Every structure is written in structure tokens, then in C-alpha cells.
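Computed from a predicted structure; not experimentally measured.
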Amino acid sequence: MEIFPVSGWLKSRGITQIEVADLLQINKSTVSRKLHGHSQFNVREISLLNQHFGIPLEVFMQTTQSDDPTKLS
């Protein structure tokens, strides 16, 4: 199972993908792709998320991990 740090951080604080989409002025499916590692947040988006929701910058730099030791991260 992969762990997505930004997604987990938001979920633990009850922040929805719709709130993120509204803040970033992008659609919810784009937010979902970014939260699940299919694309990346850009510098402007990271800055907005940090300022508005207080997401620490380190959360964006964490790599995904897996329970499967044979899968490379």
C-alpha cells in the first residue's frame, strides 16, 4: 500500500479535495491526481497550500512508501 503524505495530512485534518481545488482554482480530478502521485504540485500551489492550510513544506518532500519491500520507492 502506498502512502501519500499530502493526502494523509489533509485527511487527518478534515480538509477535502474540493477545498483544495477551490483554493488552487483547479478541478477536483486534477487535485486527486496530484494527491495520489500521478502529477506534482507546482511551487505556486505548494506555497498556497502552506499559507492557507499550514501544510509544512516537508510534507511535500516526503517520498511514498510501500508495505511491499520488493517495490522501489
Contact summary for Phe53 and Val20, nearest pair of heavy atoms: CE1-CG2, 4.1 Å

Considering all heavy atoms of both residues, which atom of Leu35 and which atom of Ser7 are nearest to each other, and what is their separation? O-CB, 3.8 Å

Tabulate below the donor-acceptor pairs under 3.5 Å that side-chain atoms of residues 40-49 make, not counting sequence neighbours, or state none.
unit_1: Asn42; atom_1: OD1; unit_2: Arg44; atom_2: N; d: 3.0
unit_1: Asn42; atom_1: OD1; unit_2: Glu45; atom_2: N; d: 2.8
unit_1: Arg44; atom_1: NH2; unit_2: Leu24; atom_2: O; d: 3.3
unit_1: Glu45; atom_1: OE1; unit_2: Lys34; atom_2: NZ; d: 2.9
unit_1: Glu45; atom_1: OE1; unit_2: Asn42; atom_2: N; d: 2.9
unit_1: Ser47; atom_1: OG; unit_2: Gln51; atom_2: NE2; d: 3.1

Hits for side-chain contact (heavy atoms from CB on, under 4.5 Å) against Asn27, two or more places apart or cross-chain, chain-then-number order -> Ser29, Thr30

Taken to the nearest 0.5 Å, the spacing of Leu10 CG from Thr16 OG1 works out to 9.0 Å

So with a 6.0 Å cut-off around CD1 of Ile18, is the heavy-atom count from everything else above 12? no

Got a donor-acceptor contact below 3.5 angstrom from the Ser12 side chain to the Trp9 backbone? yes

